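First comes the structure, then the notes that go with it.
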Amino acid sequence: MTIQFKNEELLLCKEKAIYWKARQLLIISDLHIGKTAFFRKSGIPVPNGPGETDLDTLSHLLETYPTTNLIITGDMFHNHMNDDVETFRHWRAAQGQLKIQLIKGNHDALQDLDYLELDLEVVEKELLHYPFRFIHEQPKVADEYYSLSGHIHPGITVHGKARQYLRFPCFYFGNSYAILPAFSVFTGLSMIQPQQGDRVFAITPDRVLEV
């Protein structure tokens, strides 16, 4: 679904990404590479599949939309180096000249040298591309930049007839900031309660729709 926002055209992808065509920017949040390996190391049986599925989805997006810069608004990794990060290393090597910028999230705890060796540009707080600010958590004070953030893994409940309801990940656009859905399939949902004037876009398996 394509929307006009802050006089810019943004494509909201069902793969839980935003594509800003004018800048050839692909924007995602909360990839959580290494989460499955982290759980396995903690004795929780988790299959290898989710992380590889996420990278396959990301490859599909990069093949579909001409992209010079991939921006990740935090929690690209889930704590420390592990086998899943090594899988990402091989994926990254195949991406050629793609620029990847990571705005550090609360789970991004790799060493500086690790990010360098993975060919990632790390931004400690925020990245500005007018009229948008890319940041992991929504800022407490609003200014002339509209913030695109992540962190909470937003979801929305859609009600049907006979008390039926479904829960979907979503894109949330408020007055001064937006929240992107978690890109990883291996995350839960934090259900949001939209206020008057907010725009919410549910992500179903086959499309994005405004609710």
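All values derive from a computational prediction rather than experimental measurement. We number each residue from 1, following the sequence as shown.
- Not a single donor-acceptor pair under 3.5 Å links the side chain of Thr87 to the backbone N or O of Val85.
- Taking CG from Leu25 and CG from Leu10, the interatomic distance works out to 10.0 Å, rounded to the nearest 0.5 Å.
- Here the OG atom belonging to Ser29 is positioned 7.0 Å from the NE2 atom belonging to His153, to the nearest 0.5 angstrom.
- Tracing side-chain contacts under 4.5 Å through hydrophobic residues (I, L, V, M, F, W, Y), one reaches Ile27 starting from Phe132; they form part of the same cluster.
- Both Leu58 and Ile72 are members of a single hydrophobic cluster when ILVMFWY side chains are connected at heavy-atom separations under 4.5 Å.
- Just one residue in the list Leu148, Asp143, Leu127 forms a side-chain contact (heavy atoms from CB on, under 4.5 Å) with Arg133, and that residue is Asp143.
- In terms of heavy-atom proximity, Phe5 sits nearest to Gly174 at CZ-O, 4.4 Å.
- When all heavy atoms of Phe171 and Ala17 are compared, the closest pair comes out as CZ-O, 3.4 Å.
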>> side-chain contact (heavy atoms from CB on, under 4.5 Å) for Phe77 and Leu118? Distances and angles first, verdict last.
In response: CA-CA 12 Å; Phe77 299 98; Leu118 291 169; 3.7 Å; yes

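- Between Thr157 and Leu166, the closest side-chain pair of non-hydrogen atoms is not below 4.5 Å.
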>> One pair to check against side-chain contact (heavy atoms from CB on, under 4.5 Å): His32 and Thr187. What are the steps and the verdict?
In response: CA-CA 8 Å; His32 285 283; Thr187 55; 3.9 Å; yes

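- Using a 4.0 Å cut-off between a side-chain N of Lys or Arg and a carboxylate O of Asp or Glu, Asp75 and Lys104 do not qualify as a salt bridge.
- Aromatic pair His151/His107: centroids not less than 6.0 angstrom apart.
- For Phe201, the ring-ring contact (aromatic ring centres under 6.0 Å, His included) partners are Phe173, not counting sequence neighbours.
- Atom CD1 of Ile156 is separated from atom CG of Leu189 by 10.5 Å, given to the nearest 0.5 angstrom.
- Pro139 and Ser147 make their closest contact through CG-OG, 3.3 Å (heavy atoms, listed as atom of the first residue, atom of the second, distance).
- Proximity of Met191 to Arg167: side-chain heavy atoms (C-beta onward) are separated by under 4.5 Å at one or more points.
- Looking at heavy atoms from C-beta onward, Leu98 lies in side-chain contact with Thr67 at the 4.5 angstrom threshold.
- By the 6.0 Å contact criterion, CZ on Arg207 is open, its count of non-hydrogen atoms from other residues, nucleotides or ligands being 12 or less.
- The line from CD1 of Ile192 to CD1 of Ile179 is 6.5 Å long, rounded to the nearest 0.5 Å.
- Exactly one residue among Glu121, Arg23, Gln101, Lys99 makes a side-chain hydrogen bond (donor to acceptor under 3.5 Å, both in side chains) with Asn69. That residue is Gln101.
- Phe168 is connected to Tyr172 through a chain of hydrophobic side-chain contacts under 4.5 Å among Ile, Leu, Val, Met, Phe, Trp and Tyr, so both are in one cluster.
- The NZ atom of Lys14 sits 14.0 Å away from atom CE of Met1, with the distance rounded to the nearest 0.5 Å.
- By the criterion of side-chain heavy atoms lying less than 4.5 angstrom apart, applied directly or through intervening Ile, Leu, Val, Met, Phe, Trp or Tyr residues, Val185 is not grouped with Leu180; the two fall into different hydrophobic clusters.
- Closest of all the heavy-atom pairs between Leu120 and Phe88 is CD2-CZ, 4.1 Å.
- Across every non-hydrogen atom of Trp91 and Ser59, the tightest pair is NE1-OG, 2.7 Å.
- The closest side-chain heavy-atom distance from His129 to Ile71 is below 4.5 Å.
- The backbone N or O of Asp119 lies less than 3.5 Å from a partner atom in the side chain of Arg92, making a donor-acceptor pair.
- Scanning both residues, Tyr115 and Ala109, for their nearest heavy atoms gives OH-N, 3.6 Å.
- Between Glu9 and Lys21 there is no salt bridge, since no side-chain N of the basic residue sits under 4.0 Å from a carboxylate O of the acidic one.
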> Can Leu12 and Ile3 be said to form a side-chain contact (heavy atoms from CB on, under 4.5 Å), step by step?
Replying inline: CA-CA 8 Å; Leu12 309 183; Ile3 64 170; 4.1 Å; yes

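- Results of the side-chain hydrogen bond (donor to acceptor under 3.5 Å, both in side chains) test with His136 over Asp108, Thr73, Asn106 single out Asn106 as the only residue that passes.
- Shown here is Gln193, whose CD atom has no more than 12 heavy atoms of other residues, nucleotides or ligands within 6.0 Å.
- Side-chain N or O atoms of Asp114 include one that pairs as donor or acceptor with a backbone N or O of Gln111 at under 3.5 Å.
- Between Glu126 and Phe134 the shortest side-chain heavy-atom distance does not fall below 4.5 Å.
- Here SG of Cys170 is found 13.5 Å from CZ of Arg199. Values are rounded to the nearest 0.5 Å.
- Between Tyr130 and Tyr145, the distance from one ring center to the other falls under 6.0 angstrom.
- Placement of Leu209 and Val158 within a single hydrophobic cluster is found when ILVMFWY residues are connected by side-chain heavy-atom separations under 4.5 Å, directly or transitively.
- A donor-acceptor pair under 3.5 Å links the side-chain atoms of Tyr146 to the main chain of Tyr177, judged by distance alone.
- When each of Asp54, Asp30, Thr57 is checked for a side-chain hydrogen bond (donor to acceptor under 3.5 Å, both in side chains) with Ser184, only Asp54 meets the rule.
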> Passes side-chain contact (heavy atoms from CB on, under 4.5 Å), Ser149 versus Glu137? Steps please.
Replying inline: CA-CA 6 Å; Ser149 62; Glu137 298 183 50; 5.9 Å; no

